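Worksheet: the structure to be examined is printed underneath.
Owing to the predicted nature of the structure, the values given are computational and were not obtained by experimental measurement. All values below come from the heavy atoms of this structure, side chains included, with hydrogens, waters and symmetry mates left out. In what follows, residues are counted from 1 in the order of the sequence shown.
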Amino acid sequence: MSTSRVASLGEYLREQRSTAQMSSRQLAEQAGVSNPYLSQVERGKSGVTLESLRKIADALNVAPSAFFSGSTEQDDWAGRLELFHYKDLSEGIQEADFSPILVTLQPGENKGSAFSHNGYEFLFVTEGVLTVEVDGEQFELPPQQSTMFDARKKHYWFNLTDQPVRFLVVSSKMK
């Protein structure tokens with residue numbers, strides 16, 4: 001992230017796109033999202049789902065946690081996402097081959113569709129019961145349980161309970 005504090009997720013996204021020397025059309029095409037949608041996200045007119053954020057991060061060749069690096073407030077940019085609340089645990093280190101994120105899903109946060117990305121994903125539940133879907137199969141992870149899978153398989157996380165779910169996600173990058 002630049003030395004100046006970026007005020008919004010959209011602003012940071014635009015800065016990263018500019019650094020990568022990509023037009024919004026090029027980024028949208030590579031990320032598999034529409035150009036008008038990307039433009040709305042950059043202008044703060046639309047929220048972003050985890051699926052879209054992951055596709056955009058992959059197209060920019062950055063970890064999704066890069067969008068939350070430097071967040072000092074728990075509800076910083078995370079509060080602007082539609083479904084998830086994130087806390088980046090990377091300490092601002094972007095060169096690592098993995099990215100740790102603490103995710104909190106509120107009760108009933110079960111919208112979204114499975115997606116895939118390069119690398120592997122490790123999940124560890126600290127609170128609540130997380131429903132995980134990997135390759136079309138759903139299973140539950142109670143507190144203190146974990147799973148790890150090839151993230152190229154379509155996957156998604158859900159909170160189908162009436163209690164918050166908090167879990168650690170560690171995503172690796174494929175070399």
Side-chain angles (χ1 to χ4, degrees), residues 9 12-13 28 30-34 37-38 41 46-69 71 73-175:
L9 176 65
Y12 182 69
L13 174 57
Q30 285 188 25
V33 298
S34 74
Y37 170 75
L38 183 63
V41 170
S46 177
V48 62
T49 64
L50 175 65
E51 178 181 8
S52 297
L53 186 64
R54 186 68 202 216
K55 289 177 178 181
I56 292 166
D58 283 350
L60 289 169
N61 199 30
V62 298
S65 63
F67 292 107
F68 306 102
S69 296
S71 295
E73 299 175 23
Q74 183 174 1
D75 224 18
D76 207 345
W77 297 345
R80 298 183 187 158
L81 292 172
E82 295 172 351
L83 304 173
F84 301 90
H85 301 279
Y86 289 103
K87 182 174 183 182
D88 177 27
L89 303 176
S90 71
E91 305 273 334
I93 298 170
Q94 296 300 312
E95 299 79 28
D97 290 335
F98 61 92
S99 60
I101 302 172
L102 184 63
V103 179
T104 303
L105 298 178
Q106 294 304 316
E109 288 189 354
N110 56 16
K111 298 174 187 165
S113 50
F115 64 100
S116 62
H117 54 88
N118 287 328
Y120 291 89
E121 198 155 286
F122 172 81
L123 307 176
F124 179 82
V125 178
T126 62
E127 176 185 332
V129 177
L130 179 67
T131 301
V132 180
E133 180 179 319
V134 179
D135 232 6
E137 293 187 35
Q138 279 192 4
F139 57 95
E140 290 184 346
L141 284 178
Q144 306 305 305
Q145 296 295 309
S146 65
T147 189
M148 186 167 170
F149 54 89
D150 184 336
R152 291 174 295 184
K153 295 178 179 179
K154 288 195 174 267
H155 60 280
Y156 211 75
W157 327 304
F158 307 95
N159 180 355
L160 302 178
T161 72
D162 60 358
Q163 300 294 316
V165 176
R166 181 173 276 190
F167 59 101
L168 175 66
V169 177
V170 180
S171 296
S172 71
K173 298 177 187 175
M174 292 291 269
K175 292 190 178 211

For side-chain contact (heavy atoms from CB on, under 4.5 Å), just list the numbers for F98 and F122, CA-CA rounded to whole Å, side-chain angles, deciding distance to a tenth of an Å, and then say yes or no. CA-CA 10 Å; F98 61 92; F122 172 81; over 6 Å; no
Sorted by chain and residue number, the ring pair (Phe, Tyr, Trp, His ring centres under 6.0 Å) partners of F139 (sequence neighbours excluded) come out as none
Closest approach of S171 to E121 (non-hydrogen atoms, all atoms of both residues): OG-OE1, 3.3 Å
Using the test side-chain contact (heavy atoms from CB on, under 4.5 Å), find all partners of A28 that sit at least two apart in sequence or belong to another chain. V33, N35, L38
Going by side-chain contact (heavy atoms from CB on, under 4.5 Å), name the residues that satisfy it together with T126, two or more places apart in sequence or in a different chain. F124, R166
Taking side chain as C-beta onward, heavy atoms only, is L123 less than 4.5 Å from M148? no
Of all residues at least two apart in sequence or in a different chain, which pass the side-chain hydrogen bond (donor to acceptor under 3.5 Å, both in side chains) check with T161? N159
Stepwise, does the side-chain contact (heavy atoms from CB on, under 4.5 Å) test hold for L13 with L60? CA-CA 9 Å; L13 174 57; L60 289 169; 3.7 Å; yes
Checking side-chain contact (heavy atoms from CB on, under 4.5 Å) for the pair W157/V169: CA distance, chi angles, key distance, verdict? CA-CA 11 Å; W157 327 304; V169 177; 3.7 Å; yes
In short, A59 meets Q30 closest at the heavy-atom pair O-OE1, 3.7 Å
Do side-chain atoms of S172 reach the backbone of Y120 as a donor and acceptor pair under 3.5 angstrom? yes
Measuring from atom OG of S116 to atom NZ of K154, what distance do you get when rounded to the nearest 0.5 angstrom? 5.0 Å
Donor-acceptor pairs under 3.5 angstrom involving side-chain atoms of residues 127-137: please list them, not counting sequence neighbours.
unit_1	atom_1	unit_2	atom_2	d
E133	OE1	Q138	NE2	3.4

